[in-house]
Amino acid sequence: MTKYTDSKVHKVEANQATAPFATPESSTSISDSANVGAEGQLSWARYGKDNVRVLKVSRDPTDRETQHVTEYVVCCLLEGNVDRSYTHADNSPIVATDTIKNTVFIKAKENAIEPAELFGAELGSHFVNTYKHIHSAHVDISLVTWTRMSVAGKPHKHSFVANKNERNFVHVDVFEGANGRAGPVSITSQLKDLTVLKSTGSMFYGFHRDEYTTLKDTNDRILSTDIDASWRFGQFENAAAVAAAAKDNVFKNAYEVLRSNTLEIFATQNSPSVQATMYDIARKTIAEVPSIDNITISLPNKHYVELPLDWYKGTQNTGKNAEVYVPTSDPNGLIKCTVSRHARAKL
Ligand SMILES: O=c1[nH]c(=O)c2[nH]c(=O)[nH]c2[nH]1
């Protein structure tokens, strides 16, 4: 792979290709002409293309009929010296969002598209390396999950079923290094909407009580949630370091350990609370996956309410006799935490 060598990449200066159009100096900026008030300064700006959908088919080198598909929805946003495009209607620093979209397709063609963490790092590095005035790139990828179809008990060579439940994302930030080249890469991967339920093995008692409290202690309740977990890796020096980690299956392994710990602890622990269970999931995963720096988990507590039915012929349907429950969509509890490998001040 040659994309990391300096000689291959030509930085494009802002203002280089704007000749046929009015220069910023000769034109009146929109804000000037609109004579808007002088209050307020641009303190942050980021722009790019969202919802770039791309599907890549990879053919097995030994059997072209055996194929793999990878589908992403990409959001790629840039930051850098683009202030004048906002403040002076000077478009010369803008790498057009259309160009950003085109680049996603070219990089998908040129590069390995999996894992998404590496694709994001290589795509983001391209923008920081290619345009001198772009200092960071932020790539969010939503993975569309296609599972190989099983036909007559055998994996089909090129047919797939969409899994629309659990969703996976990666968030990649690429920053310019001290040498002006794409450098540090931050990666957070995420699993969302993994919906789970256990019909027993969950408790909630001993909580604070006052005059506003009506909830009763319980040592047996239904627990259900949509798991949303994000795991942040220790910073990578550059995209090449991300490639090395991908080669070692670091990203795949982190996902698999996180997911299996989540399901195992959810299923097997007699949960004292959502808080205690999510903390245990995060701690076990951080202990087992050295590349992860911190894990953030967000869990709705989706209540299944006991239903008294004694109005009907004295039917017993609460406590140890509870069988018929009412699933409620709202309101729901919402419990969040971040567990970090290294001690960090709480904000
Ligand atoms: O696991 C729980 N945590 C809470 O904070 C809480 N609050 C509540 O009403 N039920 C629950 N359950």
Side-chain angles (χ1 to χ4, degrees), residues 165-169 171 188-232 254-289 292-311 315-347:
N165 300 323
E166 177 185 345
R167 296 185 301 150
N168 294 90
F169 301 85
H171 311 279
T188 300
S189 304
Q190 184 180 17
L191 165 167
K192 241 177 150 171
D193 295 337
L194 174 59
T195 300
V196 290
L197 178 147
K198 65 194 296 191
S199 50
T200 187
S202 167
M203 311 175 283
F204 188 59
Y205 61 81
F207 47 89
H208 182 86
R209 291 198 165 275
D210 59 24
E211 67 270 32
Y212 296 102
T213 310
T214 56
L215 187 70
K216 294 196 178 81
D217 282 350
T218 177
N219 59 13
D220 186 8
R221 66 173 181 174
I222 291 176
L223 184 59
S224 179
T225 190
D226 304 320
I227 290 156
D228 176 348
S230 306
W231 52 104
R232 189 184 172 96
Y255 163 76
E256 283 170 0
V257 173
L258 180 288
R259 193 177 188 282
S260 87
N261 283 344
T262 301
L263 296 184
E264 184 191 317
I265 290 177
F266 179 84
T268 59
Q269 182 187 63
N270 192 10
S271 169
S273 65
V274 173
Q275 284 89 335
T277 298
M278 69 205 292
Y279 180 69
D280 288 348
I281 290 169
R283 294 243 313 162
K284 184 168 196 295
T285 306
I286 282 188
E288 290 174 4
V289 186
I292 292 179
D293 251 14
N294 66 59
I295 299 179
T296 295
I297 305 183
S298 174
L299 300 180
N301 187 8
K302 306 201 310 181
H303 305 302
Y304 286 73
V305 180
E306 284 193 6
L307 181 66
L309 291 176
D310 47 352
W311 51 269
T315 304
Q316 296 302 297
N317 191 51
T318 56
K320 63 179 175 14
N321 296 311
E323 287 177 303
V324 174
Y325 294 80
V326 181
T328 59
S329 54
D330 51 76
N332 56 272
L334 183 59
I335 323 281
K336 299 174 179 237
C337 75
T338 297
V339 177
S340 302
R341 180 176 302 282
H342 305 291
R344 188 174 299 166
K346 270 203 250 167
L347 295 177

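Numbering of ligands and ligand atoms starts at 1, following listing order.
Contact annotation: the side chain of Leu334 approaches that of Ser298 to within less than 4.5 Å [non-hydrogen atoms, C-beta and beyond].
Taking 4.0 Å as the cut-off between side-chain N and carboxylate O, Asp217 and Arg209 count as a salt-bridged pair.
The single protein non-hydrogen atom nearest to atom 12 (N) of ligand 1 is Arg221 NH1, 3.0 Å, given as residue, atom name and distance. For atom 11 (C) of ligand 1, the nearest non-hydrogen atom of the protein is Phe204 CE2, 3.3 Å. Counting protein heavy atoms only, atom 9 (O) of ligand 1 is closest to Leu215 CD2, 3.4 Å.
Listed by atom number, the atoms of ligand 1 under 4.0 Å from Gln275 heavy atoms are 1 (O), 2 (C), 3 (N), 4 (C), 5 (O). Interface atoms of ligand 1 facing Ser273, defined by a heavy-atom separation under 4.0 Å, are 1 (O). Close approach of ligand 1 to Val274 is summarised as follows: ligand atoms under 4.0 Å from at least one heavy atom of the residue are 1 (O), 2 (C).
The two residues Tyr304 and Tyr325 have their closest heavy-atom pair at O-CD2, 3.8 Å.
Remark: of the listed residues Thr195, Thr225, Asp226, Asp226 is the sole one forming a side-chain hydrogen bond (donor to acceptor under 3.5 Å, both in side chains) with Lys302.
Side-chain N or O atoms of Thr213 include one that pairs as donor or acceptor with a backbone N or O of Asp210 at under 3.5 Å.
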